[in-house]
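Down below is the structure, laid out as structure tokens.
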Amino acid sequence: MNKLLLILAFFSVILSTQAQESVLITKEEVLAKVLAENNTLKISEQEVLAAQGDYNQSNAVLLPNISISHTGIATTNPLMAFGSKLNQEILTQADFNPLLLNDPNQIEDFATRIQVQQPLLNFDGLYQRKAAKAKFNATQLQAERKQDYIELMVDKAYMELQLSYKTVAVLEKAKEAALENKRLAVNSFKQGYLQKSDVLAVEVRVTEIDNQLQYARSNVKNASNQLSVLMNDESYLILQPTDSLSVITNTVSFESLPENRKDILAVSKASEAYRHMYQSDKMSFLPRLNAFGTYELHDDEVFQGDADGYLFGAELKWDIFEGSKRFGKAKKSRAEFEKSKLELNQYKAESQVELNRAMRMLQDAKNNLELTALALSQSKESLRIRTNRFEQGLEKTTDLLMAETQFAQKQLEFYATIFQHNYALAYVQFLTKE
């Protein structure tokens, strides 16, 4: 029994270790899986299909409406009985007997009808179709823009994962240096060169780094989970990028807002849809012309048709007055159209302001990148000098710990600035993408 428990414990440790192993992944692999599996993009696809369905419904203004029905009746109603015999073409001279006309026997009639209705001139329906088309185009553009945004989120999440691993690497090196300083401090204490408080200060530094390292490793898991959500991967593995965080040097040539950006075009198409709806409401004051036709088969047995006949014609209908309903509807649609034009102008203005802010953010990140690189170089040299002096017994422990802490902070600041710069560049590219 004890051997069995040991074996189970051994395998559980192995499985636990394997579960914590990181999985190498490239940005291209992440992006490919996101584009294929992301739930937000799938929702956008369904929204496009729904808008396409609305547009397809507007085909009714052009295509005929065809229906087939089979109806069975039994009646002793004088008028219905006489008409049913006429439809079945079985009327005889005896059926004109007033007694039979006024009090007929029950008669059965089974009718098969094919009805066709064909719109000819429906001006309001044509503009409704144009509005549905504009809405469909707007939804397509919104879906494409949403994909651009998801790609930006992939860039950000992947860079956050890179930054998390850089943070872990910096803190691990800082821990190695702190442990080496602790060893030197303990040896110096044993030889009587340092006081116990100095050794305790070094140990506190080691504990601080351990605490920071724990948070950094948690951030690795958090960033991995964020990528898993984007990829719609429920395994939530710990991911590790194959490439390291580095400065991206792509240039941005746009400084003004592109008119053909997909989201701007989508808002413009939405305004166009409102314009067509307003025109449709105005056209509802005009008459409508529709054609119709019916072909009928009659018999006294089910699904038979010994007698047939047809009817066709056209209807010109003009609704003169509907209690001012159409006036109110036209007024509302005009207000919605004017509102959509104002919203388009407002959206363009806000987008231009956002682009200006992003350009300034990118320039600030470039300037900050140079300053943090210089500060990192200076803190590294300062740490090297103080470490050499500490090993020779010429430097205080507190000064060494301060230099070590400052170097680690400058490293973290430098990598955080790289992340800010790369994300600012990606954001500007997103805002200027057509």
Side-chain angles (χ1 to χ4, degrees), residues 22 159-223 240-241 243-249 361-425:
S22 58
M159 288 187 291
E160 286 177 344
L161 186 62
Q162 290 177 319
L163 179 61
S164 299
Y165 274 99
K166 279 291 188 182
T167 302
V168 170
V170 168
L171 293 175
E172 286 178 346
K173 288 184 179 180
K175 183 178 180 180
E176 291 177 4
L179 291 175
E180 177 63 19
N181 292 335
K182 178 181 177 181
R183 186 186 65 81
L184 295 175
V186 170
N187 291 338
S188 298
F189 172 72
K190 291 179 180 179
Q191 296 174 10
Y193 297 133
L194 290 179
Q195 297 180 359
K196 182 64 176 177
S197 60
D198 293 325
V199 177
L200 291 175
V202 175
E203 291 177 347
V204 169
R205 173 59 181 163
V206 173
T207 303
E208 289 177 349
I209 294 177
D210 281 333
N211 190 35
Q212 294 175 354
L213 192 56
Q214 179 61 38
Y215 279 106
R217 287 169 177 162
S218 294
N219 287 334
V220 168
K221 297 178 182 178
N222 294 336
Q240 182 175 354
D243 51 344
S244 180
L245 183 66
S246 58
V247 179
I248 299 176
T249 57
M361 181 174 65
L362 177 60
Q363 187 59 48
D364 293 340
K366 289 181 178 180
N367 297 336
N368 196 25
L369 194 60
E370 297 177 0
L371 295 176
T372 54
L374 178 61
L376 176 61
S377 176
Q378 294 173 343
S379 63
K380 181 178 180 180
E381 180 63 17
S382 175
L383 177 61
R384 186 189 67 81
I385 294 173
R386 292 185 183 277
T387 301
N388 291 338
R389 289 174 58 82
F390 179 76
E391 292 174 353
Q392 299 171 10
L394 301 176
E395 194 73 35
K396 294 181 181 179
T397 305
T398 54
D399 293 336
L400 175 64
L401 294 176
M402 184 178 298
E404 180 187 288
T405 302
Q406 186 182 48
F407 177 61
Q409 290 176 345
K410 294 305 177 183
Q411 283 181 294
L412 296 178
E413 289 177 4
F414 177 65
Y415 291 125
T417 305
I418 293 178
F419 169 80
Q420 293 171 0
H421 169 270
N422 291 350
Y423 176 69
L425 178 61

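Owing to the predicted nature of the structure, the values given are computational and were not obtained by experimental measurement.
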| said: A side-chain contact here means heavy atoms from C-beta on lying under 4.5 Å apart; do Met361 and His421 qualify? | reply: no
| How about Thr372 and Lys410: do any of their side-chain heavy atoms sit closer than 4.5 Å? | no
| remark: Taking every heavy atom of Leu383 against every heavy atom of Ala403, the minimum-distance pair comes out as CD1-C, 3.9 Å
| query | Is there a side-chain hydrogen bond (donor to acceptor under 3.5 Å, both in side chains) between Lys166 and Ser244 once you walk through the steps? | reply | CA-CA 8 Å; Lys166 279 291 188 182; Ser244 180; 2.9 Å; yes
| query | Quick one: does Ser377's side chain have a donor or acceptor within less than 3.5 Å of a partner on Ala373's backbone? | reply | no
| request: Give me the one residue out of Gln409, Glu404, Gln411 that meets side-chain contact (heavy atoms from CB on, under 4.5 Å) with Phe407. | output: Gln411
| Side-chain touch Leu163/Met159, heavy atoms, less than 4.5 angstrom | no
| message | Can you confirm whether Leu412 sits close enough to Thr167 that some side-chain heavy atom of one is under 4.5 Å from a side-chain heavy atom of the other? | response | yes
| said: Would you say that Gln195 contacts Phe189 through its side chain, given a criterion of any heavy-atom pair below 4.5 Å between the two side chains? | reply: no
| task | Salt-bridge test for Glu172 and Arg217: reply yes if a basic N is under 4.0 Å from a carboxylate O, no otherwise. | result | yes
| message | For Gln378, is there any backbone N or O sitting under 3.5 Å from a side-chain donor or acceptor partner on Ser382? | response | no
| query | Donor-acceptor pair, Ser379 side chain versus Leu376 backbone, under 3.5 Å? | reply | yes
| Mind checking whether Leu179 and Arg183 have side chains closer than 4.5 Å, heavy atoms only? | no
| field | Side-chain heavy-atom pair Ile248, Ile418 within 4.5 angstrom cut-off | value | no
| field | Donor-acceptor contact below 3.5 Å, side chain Asn368 vs main chain Thr417 | value | no
| task | Look at Arg384 together with Glu381 and state whether they make a salt bridge at an N to O cut-off of under 4.0 Å. | result | yes
